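Fair warning: this is a prediction, and the values are worked out from it, not measured in the lab.
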Amino acid sequence: MRRVLVVEPDGAAVAAMVRDLRRQGFAARGTCTGEQAVRGCGDADLVLFSLELPDIDGLELCRSLRMNGNTALMAVTEADDELERVLVLNAGADDCVVKTWGFREIVARIEAVLRRSQPRQILPEAISLHDLHIDPRRREVRLRDRLVGVTSKEFELLYTLAATPEKVVTRKELMARVWGSDWGHASRTIDTHVSSLRAKLGFNGWIITVRGVGYRMGYAWRVPETSAG
C-alpha cells in the first residue's frame with residue numbers, strides 16, 4: 001500500500017484529503033506544519049504539501065525534503081500561477097497541482113509521480129505456504145483444499161504476513177498497509193483480527209506473535225523435515 005503524507009495548514013482540509021485518499025487505497029496520514037512533515041516523512045512514499053504553511057515557507061520545505069531523501073514530492077498551490085509552479089519544480093518537487101483542481105486529477109498525478117519515482121512492488125498473484133493457499137484475485141483462503149471464510153481485513157492481514165513469511169511485520173506496518181492508518185493505539189484492533197484468523201485456521205502456529213514488535217507467519221506452513229536413514 002502506497003503511503004502519502006498530507007501537509008496542509010487547514011486541519012479540516014487535511015482530514016478530508018486523508019479520508020479521500022484512504023478510500024482510493026492509499027495509506028494516508030496528515031499534519032498541519034512543515035516541521036512535523038520534516039520529522040514524519042521518513043516512511044512516506046509521497047509528500048503532498050501546501051506551499052502556504054504557518055511555520056516554514058513551502059519552497060524551503062521542498063528543498064529540505066529533497067535534500068534529506070528521495071521521497072516523491074507534490075506541491076499544492078492556491079493559485080494557478082506559472083511562476084510559482086516553476087519555482088517549486090526547480091526546488092525539487094516532482095509535480096505541482098492547484099488546490100482547485102478535481103480530486104480525481106490530483107490522484108491521477110499522484111499515481112503518475114509514484115510510477116516514475118519508484119516502480120510498484122510486484123507481489124505474487126497467489127501465495128502457497130504448504131497447505132495454505134491465498135488467492136488475491138478471488139480473495140480466497142484455502143487450507144488443505146478447504147475454503148476458509150475470512151473478512152476483507154482478515155484477508156489483507158493474512159496476505160500481508162504471508163507475502164514475506166520469514167519477516168516480522170510490525171504493528172505500525174500492519175496498521176498502515178491493512179487499515180491505512182498510523183494510529184499508534186490500535187493494538188486491540190490487530191489482536192482481534194489475528195485471534196479470529198487463528199480460530200478460523202484452526203491452529204495458532206500459523207501466525208506467531210513477536211512480543212513488543214508485531215507478527216510473522218509461523219512454522220506451521222513449513223514442510224516437516226524427515227530424518228535421514
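Side-chain contact check for Trp206 versus Leu197: every heavy-atom pair is 4.5 Å or farther apart. Annotation: side chain of Val169 is not in contact with side chain of Val210 (no heavy-atom distance under 4.5 Å). No side-chain heavy atom of Leu46 sits under 4.5 Å from any side-chain heavy atom of Phe26. The shortest side-chain heavy-atom distance between Thr77 and Glu52 does not fall under the 4.5 Å cut-off. By the 4.5 Å heavy-atom criterion applied to side chains, Phe155 and Ile134 are counted as neighbours.
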Original post:
Stepwise, does the side chain to side chain contact (heavy atoms under 4.5 Å, CB included) test hold for Asp191 with Arg171?
Top reply: CA-CA 10 Å; Asp191 292 343; Arg171 290 175 177 273; 3.1 Å; yes
Subject >> side chain to side chain contact (heavy atoms under 4.5 Å, CB included) between Val141 and Glu154, worked out >> reply: CA-CA 10 Å; Val141 176; Glu154 288 170 353; over 6 Å; no
Original post:
Going through the distances and angles, do Gln24 and Glu111 end up as a side chain to side chain contact (heavy atoms under 4.5 Å, CB included)?
Top reply: CA-CA 11 Å; Gln24 296 298 314; Glu111 295 275 9; over 6 Å; no
**OP:** Determine, stepwise, if the pair Val98 / Glu84 fulfils side chain to side chain contact (heavy atoms under 4.5 Å, CB included).
**Re:** CA-CA 11 Å; Val98 180; Glu84 191 167 54; over 6 Å; no
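Residues passing the salt bridge (charged side-chain N to carboxylate O under 4.0 Å, His left out) test with Arg211, sequence neighbours excluded: none. Ser50 meets the side chain to side chain donor-acceptor pair (under 3.5 Å) test with no other residue; sequence neighbours excluded. For Arg104, the salt bridge (charged side-chain N to carboxylate O under 4.0 Å, His left out) criterion is met by no residue, not counting sequence neighbours. Every residue meeting the ring-ring contact (aromatic ring centres under 6.0 Å, His included) condition with His193, not counting sequence neighbours, appears here in chain and number order: Trp179. Considering only residues two or more places apart in sequence or on other chains, Arg39 meets the side chain to side chain donor-acceptor pair (under 3.5 Å) condition with Glu35.
How far CD of Gln36 is from CD1 of Ile56: 10.0 Å, rounded to the nearest 0.5 Å. To the nearest 0.5 angstrom, Leu21 atom CG is 14.5 Å from Arg3 atom CZ. Atom NE2 in His133 sits 12.5 Å away from atom CZ in Arg146 (nearest 0.5 Å). Considering CE of Met217 and CG of Leu158, their distance stands at 5.5 Å, rounded to 0.5 Å. Remark: Ser195 OG to Lys200 NZ distance equals 10.5 Å, nearest 0.5 Å. Note: Glu156 CD to Leu161 CG = 12.0 Å, rounded to the nearest 0.5 Å.
Under a 3.5 Å cut-off, the side chain of Glu173 and the backbone N or O of Thr170 do form a donor-acceptor pair. Checking side-chain atoms of Asp55 against main-chain N and O of Gly34 turns up a donor-acceptor pair under 3.5 Å. Looking only at distances, a side-chain donor or acceptor of Arg22 sits under 3.5 Å from a matching main-chain atom of Ala28.
A single hydrophobic cluster is seen to contain both Leu129 and Val150, as judged by linkage of ILVMFWY side chains at heavy-atom distances under 4.5 Å, directly or through other members. Tracing side-chain contacts under 4.5 Å through hydrophobic residues (I, L, V, M, F, W, Y), one never reaches Val14 starting from Leu53; they form parts of separate clusters. Taking hydrophobic clusters as Ile, Leu, Val, Met, Phe, Trp and Tyr residues chained together by side-chain heavy-atom distances below 4.5 Å, Ile207 shares a cluster with Leu157. Put simply, Val76 and Leu59 are part of two different groups of oily side chains (I, L, V, M, F, W, Y) that touch within less than 4.5 Å, one to the next. Phe49 and Ile110 fall into different hydrophobic clusters, where Ile, Leu, Val, Met, Phe, Trp and Tyr side chains are chained together by heavy-atom contacts under 4.5 Å.
For the residue pair Gly30 and Val18, the shortest heavy atom distance occurs at N-CG2, 3.7 Å.
Salt-bridge check for Glu82 with Arg85: failed, with every basic side-chain N at 4.0 Å or more from each acidic carboxylate O.
Within the structure, side-chain hydrogen bond (donor to acceptor under 3.5 Å, both in side chains) pairs that include any residue of residues 91-103 comprise Glu8-Lys99, Arg66-Asp94, Glu78-Lys99, Asp95-Arg109 (at least two apart or interchain).
The environment of CZ in Arg138 is sparse: at most 12 heavy-atom neighbours from other residues, nucleotides or ligands sit within 6.0 Å.
For the side chain to side chain contact (heavy atoms under 4.5 Å, CB included) with Thr71, the qualifying choice from Val47, Asp43, Leu65, Leu5 is Val47, the only one to do so.
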